[in-house]
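A quick write-up on the structure given underneath.
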Amino acid sequence: MDRARHVYQRLLGHYGPQHWWPAETAFEAIVGALLMQQTSWRNVEVAIRNLRRAGLLDVRALAEAPVPVIRRHVRIAGLYRTKPARVRAFCRHLLDRCDGDLARYFGRPTDVVRADLLAQDGVGPETADSILLYAGGHPVFVVDAYTERIGTRIGLFRTREYRAIQNFFEQHVPRELATYQEYHALLVRHAKTLCRRTNPVCEECPIRSLCDFGRRRKR
DNA sequence: TTCCCGACTG
DNA sequence: CAGTCTGGAA
């Protein structure tokens, strides 16, 4: 069996399904991705909750809201000098690109949507792919710091280049939306609970037998 | 003090 | 490639 698939099976068996964003709305996934950078997800959840409570969790509402108002609600997510304006600018873009119709926005070839996302302020490779995968239903493999850490520790690859890592997974894991969504969620879960940057808990790791780092590490 | 599911600028 | 940006939790 392919190692990348084997890792997936073991993580899924150990942690179980993570049931992420698809349960929520596509728009929430977009806002979450834009606010997530360099912040704990806990704070992003609070920010989204604040927006919803204020009736601002909507394309038009956010597009029209003054930046200071948006800032008041998302301040907890940090980087308040950039994120609020980026969220509003992105919503304005959605309005004049597809009249705020997300199905229409995402209803184009993956590469086209990805290029459009990357052209937006504050949207880099990870944010773009995260939006594609969890809001747009496009089967692209999301790469983040956790993916890189786990992948290099295990010895799946050595590169640190975004596209190279992404290609690795997309060539070894069947291109299925649900699988890609679940795999990324599992990597995040694994990186936070056991495969931490410092003090990893290799003794309890479900993929230790597949891991170059874990096998060599003493208890 | 460090770190958190990055992106941008110089 | 390195510095910078943010607040909050540990």
Side-chain angles (χ1 to χ4, degrees), chain A residues 7-8 11-12 15 17-24 26 28-51 67-91 93 114-136 138-154 156 159-166 168-170 173 179-201:
Chain A
V7 166
Y8 175 69
L11 291 178
L12 184 59
Y15 296 107
Q18 300 300 298
H19 56 77
W20 260 21
W21 284 334
E24 307 169 25
E28 274 184 54
I30 291 175
V31 176
L34 292 172
L35 294 178
M36 189 259 322
Q37 302 163 192
Q38 192 58 22
T39 305
S40 65
W41 180 246
R42 173 190 304 272
N43 290 345
V44 174
E45 284 183 305
V46 175
I48 290 180
R49 211 175 306 144
N50 291 343
L51 289 174
V67 172
V69 171
I70 300 175
R71 175 176 300 133
R72 191 181 311 145
H73 295 101
V74 306
R75 176 177 283 274
I76 191 173
L79 300 177
Y80 63 80
R81 278 191 267 190
T82 56
K83 286 179 179 177
R86 287 171 175 178
V87 167
R88 190 175 77 155
F90 192 91
C91 288
H93 176 67
R114 190 172 199 271
D116 185 89
L117 287 168
L118 288 174
Q120 306 314 308
D121 185 28
V123 180
E126 184 191 333
T127 304
D129 289 335
S130 181
I131 290 174
L132 280 168
L133 182 66
Y134 291 106
H138 286 259
V140 295
F141 204 94
V142 175
V143 177
D144 61 4
Y146 293 160
T147 311
E148 180 193 324
R149 183 167 80 222
I150 295 173
T152 53
R153 270 187 186 168
I154 293 177
L156 290 179
T159 179
R160 274 192 257 177
E161 191 190 336
Y162 189 96
R163 281 295 203 169
I165 296 175
Q166 181 176 54
F168 172 84
F169 283 102
E170 295 191 351
V173 182
T179 304
Y180 281 16
Q181 291 178 332
E182 193 60 53
Y183 204 152
H184 176 64
L186 285 167
L187 287 173
V188 171
R189 176 66 185 279
H190 184 52
K192 295 175 89 136
T193 55
L194 298 179
C195 200
R196 303 186 292 238
R197 193 166 73 81
T198 57
N199 304 320
V201 190

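Chain A is the first sequence line, chain B the second, and so forth, proteins listed ahead of strands; every chain is numbered from 1.
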Interatomic spacing from NE2 in A/H190 to OH in A/Y15 - rounded to 0.5 Å: 5.0 Å
Taking atom P of B/dG6 as reference, at what distance in whole Å does atom CZ of A/R160 sit? 15 Å
Nearest-angstrom distance from the residue atom CG of A/L79 to C1' of C/dG8: 13 Å
Would you find more than 12 non-hydrogen atoms of other residues, nucleotides or ligands less than 6.0 Å from A/R196 atom CZ? yes
Figure out the CZ/P separation between A/R75 and C/dT6, and round it to whole Å. 9 Å
Can you tell me which nucleotide in B/dC4, C/dT6, B/dA7 comes closest to the side chain of A/R197? B/dC4
Rounded to whole angstrom, note down the P distance from C/dG3 over to B/dT2. 14 Å
Among B/dA7, C/dT6, C/dG8, the one nearest any side-chain atom of A/E126 is B/dA7
Say we look at B/dT1 and C/dT4: how far apart would their P atoms be, to the nearest angstrom? 15 Å
Rounded to whole angstroms, how far apart are NZ on A/K192 and P on B/dC4? 9 Å
Scanning both residues in full, the closest heavy-atom pair of A/H73 with A/N50 reads O-ND2, 3.0 Å
Flag side-chain contact, heavy atom, 4.5 Å: A/P125 against A/R114: yes
Using whole Å, what does the distance between atom C1' of nucleotide C/dG7 and atom CG of A/N50 come to? 13 Å
For the side chain of A/Y80, starting at C-beta, report the closest nucleotide among B/dC4, C/dG7, B/dG6. C/dG7
Any idea which of B/dC8, C/dC5, B/dG6 is nearest the A/Q37 side chain? B/dG6
Tell me which of A/N43 and A/D121 sits closer to the 5' end of DNA chain B, going by the nucleotide each one is nearest to. A/N43
With sugar-phosphate meaning primed atoms plus P, OP1 and OP2, does A/G124 contact a base, only sugar-phosphate, or nothing at under 4.0 Å between heavy atoms? sugar-phosphate
Please state the P separation for the pair C/dT6 and B/dG10 - nearest whole angstrom. 15 Å
I want to confirm an ordering. Mapping A/Y162 and A/R149 to their closest nucleotides on DNA chain B, which one lands closer to the 5' end? A/R149
Would you classify A/R189 as touching base, sugar-phosphate or nothing, given that sugar-phosphate means primed atoms plus P, OP1 and OP2, and contacts are heavy atoms under 4.0 Å? nothing
Describe the nucleic acid contact of A/T127 in one word from base, sugar-phosphate, nothing, applying a heavy-atom distance below 4.0 Å. sugar-phosphate
Whole Å only: how far is the CE atom of A/M36 from the C1' atom of C/dG8? 17 Å
Which heavy atom in A/A33 sits nearest to a heavy atom in A/T127, and how many Å separate them? O-CG2, 3.8 Å
Could you work out which one of C/dA9, B/dC8, C/dT6 sits closest to the side chain of A/R86? B/dC8
Can you measure A/E45 atom CD to C/dG8 atom P for me and round it to whole angstrom units? 16 Å
What's A/V142 touching, base or sugar-phosphate or nothing? Going by heavy atoms closer than 4.0 Å. nothing
How many Å lie between NZ on A/K83 and P on B/dC4, as a whole number? 14 Å
Look at the rings of A/F169 and A/Y183 and say which category their plane angle falls in: under 30° parallel, 30 to 60° tilted, over 60° perpendicular. perpendicular
